[in-house]
*Asks:* 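To start, I am sharing the structure in question, which I have written as structure tokens.
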Amino acid sequence: MKIAVLPGDGIGTEIVAEAVKVLQALGLKFEIEYALVGGAAFEAHGHPLPEGTLKLAQSADAILFGAVGDWKYDTLERSLRPEQAILGLRKHLGLFANFRPAICYEQLVDASSLKPELIAGLDILIIRELTGDIYFGQPRGRRSATDGHFPGTDEGFDTMRYSRPEIERIAHVAFQAAQKRSKRVTSVDKANVLETSQLWRDVMIDIARQYPAVALDHMYVDNAAMQLVRAPKKFDVVVTGNLFGDILSDEASMLTGSIGMLPSASLNAKGQGLYEPSHGSAPDIAGKGIANPLATILSAAMMLRFSLNQPEAADRIEAAVKKVLAQGLRTPDIYSDGSTRVGTAEMGDAVVRAL
Ligand code: IPM
Ligand code: MG
């Protein structure tokens, strides 16, 4: 089991260290190899996704990823920004299926900004298409040195596109996931305005015929954003494109109390996967030892389940996380009166003890 560990920037290094600690406490045999990515790689090698990092990622069974990005790179040309590292990994490895579960842990119902009765027992799965859409269309504009047709002009231009096969494969992923859950898929689009969305909707309807046991409904993205905070428990599996999925998964994360709790998995057709917390590099709290490592620890559990065929170990980690929450341990993002405030490393140590 070869794991490429790419901590990245900001709180990335702190939270990944805790996840590795937890993995090492399982008593399994892993081959763990580290590489720089994002701003850290740019500083050392002049590129956010150096050849060596990409090669390591391609050769691994799974990738454990922290986060990339920092405000100080905002003026760089687009191809050198830290975010290009994660986008490049997704593209090069074909990681088209992004799983972002939003589960509300019983102990954290009060950490959400929503009323407890709206979110108690919440368990939704957002499936975001990750290698198409406007993220990978043709850009033109001020920071797009790769194209440069309109350098320095006052026009910014991006292309939103999807092809039938790209939509078909994510549709299959969503319907198959729903078959193992409560058998409902909500496809989110903007078919009243966008051609890509019309194609998306038509293909979803076509593929749904192969899954007669699963109910499919459609929702426009603006309405979905509203329904997510109005009645989130009405959703089960949500499948959507790259851009809408980016936005809705951040929104869904807050239903659970903190984005610091949410893991994610990005899989390719071979089952190889990249596992990362849904949150970013949080440069404002980097280096303070207060970031919540649970999203990354739970991402490691997803890695064991989806890419390394170790479902029992995944269950053990998830049970350990529930246990530390039940013990009342909280990093500042999920802290509420009466609980015990802990830092990043203390939280990681507590999970190891609970294991
Ligand atoms: C995410 C992030 C990334 C995205 C950024 C860092 C490029 O927001 O994984 O959701 O937009 O996909
Ligand atoms: Mg995002």
Side-chain angles (χ1 to χ4, degrees), residues 6-13 15-16 37-42 47-49 53-54 57 63-74 76-102 124-137 139 143-144 146 158-160 162 166 170 188 221 224-225 228 238-256 258-268 273-284 286 291 295-296 298-299 302-303:
L6 313 180
D9 308 322
I11 59 170
T13 47
I15 54 178
V16 163
V37 77
F42 175 75
H47 196 278
L49 183 59
T53 302
L54 180 59
I63 302 151
L64 184 65
F65 190 91
V68 290
D70 192 293
W71 302 304
K72 67 180 178 215
Y73 304 113
D74 280 355
L76 280 180
E77 69 174 66
R78 194 150 311 280
S79 64
L80 294 178
R81 287 186 61 117
E83 290 82 357
Q84 292 303 315
I86 184 65
L87 296 175
L89 282 166
R90 289 171 183 170
K91 198 66 185 175
H92 280 107
L93 276 74
L95 305 166
F96 70 95
N98 183 218
F99 288 71
R100 296 194 168 180
I124 61 187
L125 174 61
I126 296 189
I127 297 185
R128 168 185 176 196
E129 199 290 331
L130 205 55
T131 51
D133 204 348
I134 199 162
Y135 271 66
F136 294 97
R143 301 262 155 75
S144 296
T146 43
D158 296 277
T159 327
M160 183 177 258
Y162 264 121
E166 286 174 310
I170 196 73
V188 173
V221 62
L228 262 179
V238 174
V239 64
T240 190
N242 206 345
L243 181 63
F244 299 155
D246 178 45
I247 299 163
L248 293 181
S249 61
D250 262 35
E251 187 188 4
S253 72
M254 270 325 283
L255 305 173
T256 71
S258 169
I259 196 168
M261 291 298 300
L262 288 204
S264 81
S266 307
L267 305 178
N268 65 18
L274 181 147
Y275 299 83
E276 56 172 329
S278 282
H279 61 72
S281 56
D284 52 329
T296 316
L298 291 167
S299 300
M302 287 183 99
M303 171 172 84

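Counting convention: from 1, in listed order, for ligands and their atoms alike.
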*Asks:* Identify the protein heavy atom lying closest to atom 8 (O) of ligand 1, giving its residue, its atom name and the separation to 0.1 Å.
*Replies:* Asp246 OD1, 3.3 Å
*Asks:* Closest approach of Ser266 and Glu276, non-hydrogen atoms and distance?
*Replies:* OG-OE2, 4.4 Å
*Asks:* Looking only at protein heavy atoms, which one is nearest to atom 11 (O) of ligand 1, and how far off is it?
*Replies:* Tyr135 OH, 2.5 Å
*Asks:* On a heavy-atom basis, which atom in Asp70 and which in Pro82 lie closest, and how many Å separate them?
*Replies:* N-CG, 4.4 Å
*Asks:* Between Glu129 and Tyr162, what is the shortest heavy-atom contact and its length?
*Replies:* OE1-OH, 2.7 Å
*Asks:* Please give me the minimum heavy-atom distance between Ala57 and Leu89, naming the atom from each residue.
*Replies:* CB-CD2, 3.7 Å
*Asks:* Determine which of the N, O or S atoms in Asp246 is closest to the Mg ion (ligand 2) and give its atom name.
*Replies:* OD1
*Asks:* Could you tell me whether ligand 1 has any atom less than 4.0 Å away from a heavy atom of Arg100?
*Replies:* yes
*Asks:* What protein heavy atom is closest to atom 6 (C) of ligand 1, reported as residue, atom name and distance in Å?
*Replies:* Glu83 CG, 3.8 Å
*Asks:* Which distance, rounded to the nearest 0.5 Å, do you find between the CG of Leu87 and the OG1 of Thr131?
*Replies:* 11.0 Å
*Asks:* Which of the atoms of ligand 1 are close to Arg128, meaning less than 4.0 Å from one of its heavy atoms?
*Replies:* 1 (C), 4 (C), 9 (O), 10 (O), 11 (O), 12 (O)
*Asks:* I need the contact type for Arg90 against ligand 1. Using non-hydrogen atoms and a strict under-4.0 Å cut-off, is it side chain, backbone, both or neither?
*Replies:* side chain
*Asks:* Does Glu276 reach ligand 1 with a nitrogen or oxygen that is under 3.5 Å from one of the ligand's nitrogen or oxygen atoms?
*Replies:* no
*Asks:* For a quick check under 3.5 Å, do Asp9 and Tyr73 share a side-chain donor-acceptor pair by atom type?
*Replies:* no
